Amino acid sequence: MTLIKEVINALEQLAPPSYQESYDNAGLIVGSGREEIAGVLLTLDVTEDVVQEAIDRNCNLIVAHHPIVFKGLKKLNGKNYVERTVLKAIKNDIAIYATHTNLDHVTKGVNWQIASLLGLNNIRVLAPKKQILFKLTFFSPVENTQSILNALHEAGAGNIGNYSNCSFRTEGTGTFLPNQAANPVIGKHGQQEEVKEHRAELIFPSHLESIILNALRKAHPYEEVAYYLQSLENENQEVGAGACGELAEPLEMEAFLRLLKDKMQLQIIKHTKPVKESVHRIAVCGGAGSFLLPNAVSAGADVFITADYKYHEFFDAENNIMICDIGHYESEVFTKNLLHNYLSGKFPNFALCLSEVNTNPVRYFV
Ligand SMILES: [Zn+2]
């Protein structure tokens, strides 16, 4: 038996909710995590048709990329598709969970999926986020430091790029005076104590704060653990919007456009004029990504693949880069496959279904 919240916990390990944009509404939107899972339906959007598909395929959890409720709902009368979709899900005991900009912002997320489909190498975050790293400094008797660090590494602290178990320590003297209510591991009540201690430092992603502090308190021998946390301005190279990478070999412009059309299963590509004869470095952002154009240019990309470009925004390409607008749906529809690949194997005791509903509201007459 698996509860909905167990699947949510797994999804939040991939894409922590704290990585979503402030305007977003990712998370459990309809239903309760305490229900047992019958089946999970994976989709880009939730519509009434998708809820019907969940009913027909015996799925009581829909995992979507786009949150069906994005702005506040003041009434639930079924007057628009959002209200009708939510009502239909509630009436049929179907939970809806969305992993949105948080999934855009992680390696192995939406933009990694696009970059992988195009066969890019050396994939990296295009606009790394700041202020999502903490530095933990703690003080411990020298003989306990390594075991504490081991516990903290185990909990997810001390990773920098391709390096794990990163920390720094210096040795010094810790002092303290236990009062009558204290229960000191070292020293006696009312007696000033001096202990040879380490001051150890390491970084961790801020969403792990409670896990890391619990691990510290559990592994540390002292009744009162001396530590402090600092928020860092450093960019986290592992988290942020967009992605960038290179094709194995530069491709002639037309061959590249054909590859893009083929791999992303596109009917059309709206693009600005090519500025180079061939394409090697490519920047991508699933969905509306025009805000990342300066990052794509400064990354030295030959092409920026995204969606939802407005007419006047296309002029911003200048002679620096070629913008390719491939459509919002087309740029993100493979997100359901990404979620399927991530969840399959983790939960063998219920069905994981890929939605077969085409939710694209845009049609092309070609
Ligand atoms: Zn989107």
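Just follow the structure's listing: the first ligand is 1, and inside any ligand the first atom is 1. Model, not experiment: these values are computed from the prediction.
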Note to self: Strictly under 2.8 Å, is the Zn ion (ligand 1) approached by any N, O or S atom of H66?
What the structure shows: yes

Note to self: Distance check below 2.8 Å: does D104 bring an N, O or S atom to the Zn ion (ligand 1)?
What the structure shows: no

Note to self: Working note: K88 + Q52, criterion side chain to side chain contact (heavy atoms under 4.5 Å, CB included); need CA distance, chi angles, decisive distance, verdict.
What the structure shows: CA-CA 8 Å; K88 185 165 180 156; Q52 186 59 50; 2.8 Å; yes

Checklist line | Identified side-chain hydrogen bond (donor to acceptor under 3.5 Å, both in side chains) counterpart of N150 within the set H153, E154, Q146 | finding: Q146

Margin query: For the backbone of A15 and the side chain of N102, can you confirm whether one donor and one acceptor N or O come within less than 3.5 Å of each other?
Written below: yes

Check: What N/O/S atom of E332 gets nearest to the Zn ion (ligand 1)?
Finding: OE1

Next item on the list: Supply the atom-to-atom distance N337 CG to S116 OG, rounded to the nearest 0.5 angstrom.
Entry: 12.0 Å

Check: With a cut-off of 2.8 Å, does any N, O or S atom of H65 fall short of it relative to the Zn ion (ligand 1)?
Finding: no

